[in-house]
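Working notes, structure below.
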Number of protein chains: 2
Amino acid sequence: MNKTEPQTNLEARAQLFKALGHPVRLLIVNLVQTKPRHGEELAEILNLNPATISHHLSQLVAVGLLTLKKDQYYHTYSLIGDVLKKTLGEMIRLPQAGLMADVEEDAYQNKVLATFFRHGRLLQIPSQLKKQQIVLHRIVQEFEPGKEYSEREVNQALIEFHDDVAYLRRSLIDHGLMKREAGIYWRVVEAMEG
Amino acid sequence: MNKTEPQTNLEARAQLFKALGHPVRLLIVNLVQTKPRHGEELAEILNLNPATISHHLSQLVAVGLLTLKKDQYYHTYSLIGDVLKKTLGEMIRLPQAGLMADVEEDAYQNKVLATFFRHGRLLQIPSQLKKQQIVLHRIVQEFEPGKEYSEREVNQALIEFHDDVAYLRRSLIDHGLMKREAGIYWRVVEAMEG
DNA sequence: CATTTGATTTGATTGTAATCAAATTAAAAG
DNA sequence: CTTTTAATTTGATTACAATCAAATCAAATG
């Protein structure tokens, strides 16, 4: 189930490093490494507000460094070891052949995103398929992989981007970025493509 | 002795990860890895303003990922390979025994810094040696390791913190945080690498 | 079902980062 | 000494991150 994400993606790697780029989060990783812990415990040890800890933890989960197990009303976080075995060099190095292509690809995507988004909101849904793909790929980031959403929750997330929520929702399904079953939606994690 | 070790230092590690936590800087590292390059070249490839590139480069140099060689009017940046061989785990893991001590140490230092600094300015130079040490350790961060400074430049940097520049300058020398020879000053990098 | 307990979300605030244009520096060459 | 070329610094702007208090949520328990 837990397939190690093929982090060919530039942005995803940057996110991973960014998640580690804060002293509190480094401490959390270390504390969680000795044994799984829950939020309040960490808040106590680090003398920070639970809300702040929650915020840090969600970042660490988002980049796949920690997992969350719900147990009674405790949320217990544990370390995922896999990633930590890689060297910095391996994490940094982009596939040589694809490097320049990636740069240009990203530049193109950014241009498209810049065209259709203003202040985080979607001005207009692109009609060209490729641009629609890029825009939807951005939007689907708002959904946490593995998490289940009701249709109402999906709508709530999408309304932030554009009023035509129904169309967006359908497009996400059509493009294979999300799936639906019995009224439950979840994000499909792609195995990297362009 | 020298309890505040830079490499073991929590903050320093966070800085390293933070430096890698931006797509542009990841790209720079990759580009520089294939061959040493100068700023304008990178600015061109990445289609960014030279000022922006300069800013990113200085961060990468500051955390010791890149080195700078001046050649004519080119500043050529190359990759320092050492760090990249370490695994993420090694970079993250704080010495188990010292973990809690570090937390408390950092908490104490932050408290001292909060007491004596307001809006980045030193309200008053602490008289207690230990607190002075902490404050000076913070101040010396403003100087780039390996770079040479004239007395005028040192003064310019110090005036940002406190008007009694002469006293600060002397204290930095006395505490062994900087050295002076023939009117040239440079920052002493405290040893202890892993 | 009201209460307790831990977690998360929201809103406000403060702080820090990214970016570019313009000004400045520094080396080389006319 | 003026111009050219690359790099850096400064100032302004805009965006994003960290933090906490207060509100909300969800599970367990009386």
Side-chain angles (χ1 to χ4, degrees), chain A residues 11 14-15 17-28 37-44 46-63 66 68-77 110 113-114 117-121 141-142 144 147-148 150 152-153 156-157 160, chain B residues 11 14-15 17-28 37-44 46-63 66 68-77 110 113-114 117-120 142 144 147-148 150 152-153 156-157 160:
Chain A
E11 193 64 43
Q15 285 300 122
F17 284 119
K18 192 149 83 172
L20 290 168
H22 192 283
V24 168
R25 289 193 291 270
L26 278 183
L27 284 169
I28 289 176
R37 306 192 193 238
H38 56 100
E40 206 207 28
E41 196 180 346
L42 293 165
E44 175 105 354
L46 298 174
N47 192 30
L48 280 169
N49 190 298
T52 305
I53 294 294
S54 181
H55 155 72
H56 286 306
L57 285 170
S58 71
Q59 286 182 70
L60 291 169
V61 171
V63 300
L66 302 186
L68 166 57
K69 207 187 92 194
K70 298 184 188 181
D71 195 36
Q72 297 171 56
Y73 36 58
Y74 297 91
H75 289 195
T76 305
Y77 292 87
N110 287 337
L113 292 175
F117 283 97
R118 276 291 127 63
H119 310 301
R121 219 175 139 69
Q141 303 304 317
E142 296 303 308
E144 191 180 328
K147 188 167 164 187
E148 298 186 333
S150 68
R152 201 183 107 267
E153 289 172 314
Q156 280 181 343
E160 296 300 317
Chain B
E11 196 63 44
Q15 285 299 123
F17 284 119
K18 193 150 79 171
L20 290 169
H22 191 284
V24 169
R25 289 193 292 272
L26 278 183
L27 284 169
I28 289 176
R37 308 194 191 234
H38 56 100
E40 206 208 26
E41 198 180 345
L42 294 166
E44 175 105 355
L46 298 174
N47 193 32
L48 280 171
N49 189 298
T52 304
I53 295 293
S54 181
H55 155 72
H56 286 305
L57 285 170
S58 71
Q59 284 182 70
L60 291 169
V61 171
V63 300
L66 302 186
L68 167 56
K69 208 187 91 193
K70 297 183 187 180
D71 195 35
Q72 300 170 52
Y73 38 55
Y74 296 90
H75 289 195
T76 305
Y77 292 85
N110 286 337
L113 292 175
F117 284 97
R118 275 293 126 63
H119 309 301
E142 297 302 313
E144 191 180 327
K147 187 169 165 186
E148 300 186 338
S150 68
R152 199 183 107 267
E153 290 173 313
Q156 280 182 344
E160 296 299 321

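Labels below follow one simple rule: chain letters A, B, ... track the order of the sequence lines, proteins then strands, and each chain is numbered from 1. Heavy atoms only: backbone and side chains are in, while hydrogens, waters and symmetry mates are out.
Listed by chain and number, the residues in a side-chain contact (heavy atoms from CB on, under 4.5 Å) with B/L68 are B/K70, B/H75, B/Y77 (sequence neighbours excluded). Remark: B/A51 pairs with B/N49 by the side-chain contact (heavy atoms from CB on, under 4.5 Å) rule, at least two apart or across chains. The side-chain contact (heavy atoms from CB on, under 4.5 Å) check on B/A43 picks up B/P50, B/I53, with sequence neighbours excluded. Judged as a side chain to side chain donor-acceptor pair (under 3.5 Å), and not counting sequence neighbours, the contacts of B/H55 are B/Q59. Taking A/H22 as the reference, A/H56 meet the ring pair (Phe, Tyr, Trp, His ring centres under 6.0 Å) condition, with sequence neighbours excluded.
Within 4.0 Å of B/H55, counting heavy atoms only, lies at least one base atom of the nucleic acid. Within 4.0 Å (heavy atoms only), B/Q59 reaches sugar-phosphate atoms of the nucleic acid but no base atom.
Atom pair A/E153:CD and C/dT9:P shows a separation of 10 Å (rounding to whole Å applied). The interatomic distance linking B/R25 (CZ) with C/dA17 (C1') rounds to 8 Å, in whole Å. Spacing between atom NE2 of A/H75 and atom C1' of C/dT5 amounts to 11 Å, rounded to whole angstrom units.
Here D/dT19 is the nucleotide among C/dT19, C/dA7, D/dT19 with the atom lying nearest to any side-chain atom of A/H56. Closest approach to the B/H22 side chain among C/dG6, C/dT8, C/dA18 is made by C/dA18 (side chain taken as heavy atoms from C-beta onward).
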Protein proximity profile, nucleotides 20-30 of chain D - base contact B, sugar-phosphate-only contact S, no contact -, cut-off 4.0 Å on heavy atoms = BB-----BS--
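Each of B/L57 and A/G21 lies near DNA chain D, and the nucleotide nearest B/L57 is the one positioned closer to the 5' end.
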